[in-house]
Amino acid sequence: MNRIDRTGEFWERVNAALDERRDPYADPRVAGELAQRPELLEPLAELLHSLEALERRPEIVVQARARRPMARLAAAAVVLATAGAVGVLVMRRERAPQFTFELSRGTVLSLQAEFVRFDGLSWHSKSVDMLEGWRGSRSVLPVPQTESQFPSVAVLATQSIQLGVH
Amino acid sequence: MLAALILSFVSVFPSQESVNRTDPALKLNLYEIRDLAERVGPDFPSRKIGAARPVGPKGSVEHAVPVLSDIPVLSSMFTKPETGAEGSDPAARLAAGARVIESAISRLILPKVKDSQHFVRCTNAQTLLVNGSPAQLEWVDSFLQHLRGYDKLVEVHAHFVRVPNERLKELGIEGTSVFPKPEDVPTLLEALKATPKVEFLSAPRVMALPLQRASISVLDQVRYIGDWRVETVEPGAQEVLVPSIEELETGLALDVRAVPLPGEKFALTLEAQDARLARPLVSLTQKLKTKQGEVPVTLALPEVDIQRVQTELLLQDGSTAVLVVDPSSSKDRLVILVTVRSVAAK
C-alpha cells in the first residue's frame with residue numbers, strides 16, 4: 001500500500017481542512033476514519049510534518065504539531081474503544097448465538113403439556129397450557145396399609161375433586 | 001340430489017333462513033369433498049405410552065395396586081371417543097375424513113368466524129356447507145383447490161431436548177417462538193450440543209401424506225410382576241400363588257397431521273409422548289396369607305416419568321417452531337424444535 005496515498009474521501013477532507021486552516025484532527029469524519037484505520041495516522045503525521053518543513057502554513061503546522069500528541073491520544077482512545085466494543089460484541093456472539101424470530105413465519109396456536117410421575121404406589125400429574133398458564137394439578141396420595149395384602153390401596157386426592165378410588 | 005341436500009341442510013340448520021335475512025352479505029356455498037375425505041385415510045387409537053396393562057385375559061385379575069392405565073391423561077387431539085370403530089367401516093372413515101377437513105376449515109378460515117351466523121358444517125354425504133362472507137368463501141375455494149393440487153409429501157422433524165433453565169437465555173431462546181430462517185436451526189442444535197447439561201432425548205422424523213395422520217413410536221416393552229393372588233385349584237384343593245404380569249411400554253411416540261395451506265404454509269397438529277422407566281425396577285416384598293401361613297412374594301414397582309405435549313402450529317414451509325415447555329417440577333425445560341417442510345414425492 002502506498003503510504004502516502006492521498007486519494008479518497010479521507011484525504012479530501014484532510015486537504016479541505018488544511019485549505020480552510022482548520023485542524024484535520026478536529027474533523028469528526030477524519031477522526032472516525034482514523035479510528036477505523038489507524039494506519040492512516042502515520043501518513044497524516046508525515047503530511048503535516050512535511051507541510052511544517054515547507055512552512056506553507058506555519059501557524060497551522062505549529063498548531064497541528066502542538067496538538068498532535070493529544071489528538072493521537074484521542075484517536076488511540078477512539079480506536080481502543082471501538083476495538084473494545086467490537087470485541088465485546090464478538091465475545092457475546094460467541095457465548096450466546098442470537099436468533100431473531102419472526103411472526104410471519106408461523107404461529108403457535110396451542111400448546112398443552114402433561115407431566116406424569118408414577119412411583120409404583122402413587123402418581124402425580126400436572127397439566128399445563130403453556131400459552132395460557134397453569135391449567136391444573138392432580139395427584140394420587142397413598143394411604144396407610146389396610147387389610148389388603150399389599151399397602152397399595154390408594155385414594156385419589158385433588159384440591160377440588162375426587163377422580164376415583166381404586 | 002340437490003333438493004335432498006337442501007332438505008337435510010334445513011333440518012340441520014333450521015335458522016339458516018333468518019340468518020341470511022339478518023346478514024344479506026353472507027352466502028351459502030356447497031362443496032363436494034368426498035375425494036379429499038378419502039385422502040385423510042384411516043384413524044387409529046393413540047398409543048398411551050407409559051400405561052401398564054395386564055398380560056392375559058382382560059379382567060382376569062383384580063388389581064390391588066393402582067396401575068398406570070388408571071391415570072387420566074390428556075384426551076387425544078386425533079382420536080375422539082365417539083370415533084372408535086372407523087378403521088373397518090368405510091362410511092365411518094369417510095365421515096371422519098370429512099370432519100377433519102371441516103375442523104381444519106373452521107379453525108383456519110380467514111377472516112375468522114366470529115359468530116354463529118358464519119358456519120362450516122359437513123353432511124354425512126361429505127358435502128361441505130359454508131355460510132360465510134365473500135372473502136371467507138374465496139378462502140375456502142382457494143384452500144380446497146390447493147389441497148386437491150397438492151402432490152408433495154410433508155416431512156416433520158422434531159427434536160426433544162432437555163435444557164437447564166439458566167442456559168436458555170445464553171442460547172438465545174427467549175420462549176416459544178418460530179424461527180424465520182431454516183439455516184439457523186443447525187446453528188442452534190450445534191450450540192445446544194456444546195452446552196453443558198443439555199440432554200438430547202430424541203429426534204424423530206416423520207414423512208406424511210397431506211391430511212393424513214402419521215405416527216412413529218420407538219418403544220421398549222417391559223413385563224413385570226405387578227400383583228399376586230391366591231387360587232385354589234385341583235387336585236387336592238391346593239392353594240397356589242398366581243402372579244399378575246403386567247406390561248409397560250416406554251419410549252417415544254409422535255403423532256402428526258399436516259394440512260397444506262395456500263401460501264406455502266402448513267397447519268400442523270402434533271402430539272408427542274415420552275415415557276422413561278427408572279432402572280432397575282424397585283422391588284417390594286410382601287407376605288401373602290394362605291392356609292399354610294404367610295408366604296413372601298415379590299413384585300415390582302415401576303417408576304415412570306411421562307411427558308405429553310399437544311400443539312397446533314401454523315408454519316411456513318421450511319420453518320421451525322421452538323416450543324419451550326416448563327414442567328415446573330425441575331429447573332430444566334423441555335425444548336421441542338418442530339420443523340415442517342414439503343418434500344417432492346418420488
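Labels below follow one simple rule: chain letters A, B, ... track the order of the sequence lines, proteins then strands, and each chain is numbered from 1. Scope of the values below: all heavy atoms of this structure, side chains included, with no hydrogens, waters or symmetry mates.
- In this structure, no portion of B:Val282 lies under 4.5 Å from any heavy atom of chain A.
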Would A:Val116 and B:Gln307 satisfy side chain to side chain contact (heavy atoms under 4.5 Å, CB included), going step by step from the backbone distance to the final call?
-> CA-CA 6 Å; A:Val116 180; B:Gln307 304 181 47; over 6 Å; no
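- Rounding to the nearest 0.5 Å places CZ of B:Arg276 at 13.0 Å from CZ of A:Arg117.
- The candidate with the highest count of non-hydrogen atom pairs below 4.5 Å against chain A, out of B:Asp317, B:Leu315, B:Asp305, B:Leu313, is B:Asp305.
- Taking CD from A:Gln112 and CD from B:Glu271, the interatomic distance works out to 10.0 Å, rounded to the nearest 0.5 Å.
- Counting heavy-atom neighbours within 6.0 Å of B:Glu264 CD, excluding the residue itself, gives a total of 12 or less.
- Of all heavy-atom pairs between A:Thr107 and B:Val178, the closest is N-CG2, 4.0 Å.
- For the pair A:Val128/B:Val325, no side-chain contact is recorded, criterion being any heavy-atom separation below 4.5 Å from C-beta on.
- Here the closest non-hydrogen pair linking A:Leu111 and B:Val324 is CD2-O, 4.4 Å.
- Each of B:Arg107, B:Glu312, B:Gln310 was scored for a side-chain contact (heavy atoms from CB on, under 4.5 Å) with A:Ser110, with one residue passing: B:Glu312.
- With rounding to the nearest 0.5 angstrom, the CZ atom of A:Phe115 is 12.0 Å from the CD1 atom of B:Ile306.
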